[in-house]
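Working notes, structure below.
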Number of protein chains: 2
Amino acid sequence: MTDQLSRVFAALADPTRRDIVARLTVADATVGALAEPYDVSVQAVSKHLKVLEDAGLVSRSRDAQRRPVHLEAEVFDLMTKWIERYRRQAEERFSRLDAVLAEMDSDTDHRSGSTREGTAS
Amino acid sequence: MTDQLSRVFAALADPTRRDIVARLTVADATVGALAEPYDVSVQAVSKHLKVLEDAGLVSRSRDAQRRPVHLEAEVFDLMTKWIERYRRQAEERFSRLDAVLAEMDSDTDHRSGSTREGTAS
DNA sequence: CTCCTCGTCAACCTGTTGGTTGACAACGAG
DNA sequence: CTCGTTGTCAACCAACAGGTTGACGAGGAG
């Protein structure tokens, strides 16, 4: 799962991690403060933060022995762009439905094979 | 990973699955046609489709022994809503940065503890 | 009826994830 | 200097994800 888009989606696939992101939109926080509401060890939260950091969603600075966690909201744009692109494409397709049906019929043996393009990642 | 939002994010965390979604924005397709470009077995693609279906991103109908796969674009809204909500919150926060810094300073021992709300999922 | 195609199900294997506990580095406070 | 706090690292474990192969059901074509 090398590409960033995959890492971002994977990071947000976990409810705890999503909740952490949600709380970070309000204010930066230390690892301990972030861990407090959850019923897991601080180490587990530290791991979650590593996942978020590897995805580029979060950054950590240094303040004595504390490590304040900061949300990097720009990465959201990466997702939004991907989603919007294909959502728009899907809507456009919806408006030329007949063409689609025609294509499926002519698919008898030469199976298009070159509908490819865009291709995520 | 019970909630749908988690399932949707997890489904899109895989490049192959994202590519399948991308191709389905162009036209519905059969499992075989979808599998053809990838260097994996048809069974593997069948599994990917199950993941997408469980996430509500895709539906399958019946046409003789074929199972045309159809994109359900509405689910995109679920993600978009989540993302936009917290993106906006993050931007709003950015505009009152001083308040944030003040809060981090007063965090000495009573650690806010009630910043909770929204909470994903 | 028999065969071939399309797709799913089941069993299995390997790598990754999310959690645990224990040790330890960094650093301010006494 | 020593202690308590904050957080990470390492080892370990159970569960899950993504892939494989083999068998099989459903249905059109001969």
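Heavy atoms only: backbone and side chains are in, while hydrogens, waters and symmetry mates are out. Below, read A as the first sequence line, B as the second, and so on, with proteins coming before strands; counting in each chain starts at 1.
When each of C:dT8, C:dC6, D:dT6 is scored by its nearest atom to the side-chain atoms of B:R66, the top-ranked nucleotide is C:dC6. Candidate nucleotides D:dG18, D:dG7, C:dA23 were compared by shortest atom distance to the side chain of B:K47, and D:dG18 ranks first. Here C:dG18 is the nucleotide among D:dG19, D:dT8, C:dG18 with the atom lying nearest to any side-chain atom of A:D14.
Residue A:R67 comes nearest to A:S61 through the heavy atom pair NE-O, 3.0 Å, listed as atom of the first residue, atom of the second, then distance. Of all non-hydrogen atoms in B:A11 and B:L52, the two that sit nearest each other are CB-CD2, 4.0 Å.
Considering only side-chain N and O atoms, B:R17 lies under 4.0 angstrom from the phosphate OP1 or OP2 of D:dG18. Residue A:S41 places at least one side-chain N or O under 4.0 Å from the OP1 or OP2 atom of C:dT20. For A:S46, no side-chain nitrogen or oxygen approaches OP1 or OP2 of D:dG7 to under 4.0 Å.
For the segment residues 54-62 of chain A, no residue has any heavy atom less than 4.0 angstrom from an atom of DNA chain C.
Atom-to-atom, NE2 of A:H48 to P of D:dG7 comes out at 16 Å; the value is rounded to the nearest Å.
One can find a donor-acceptor pair under 3.5 Å joining the base of C:dG22 and the side-chain atoms of A:Q43.
You'll find the side chain of B:V51 reaches within 4.5 Å of the side chain of B:R17, heavy atoms only.
Across its full length, the helix from C:dC1-D:dG30 to C:dG30-D:dC1 shows an angle of 10° between the axes of its 5 terminal pairs at either end, rounded to 10 degrees.
Under the 3.5 Å distance criterion, with hydrogens and angles disregarded, no donor-acceptor pair is assigned to the side chains of B:D19 and B:T16.
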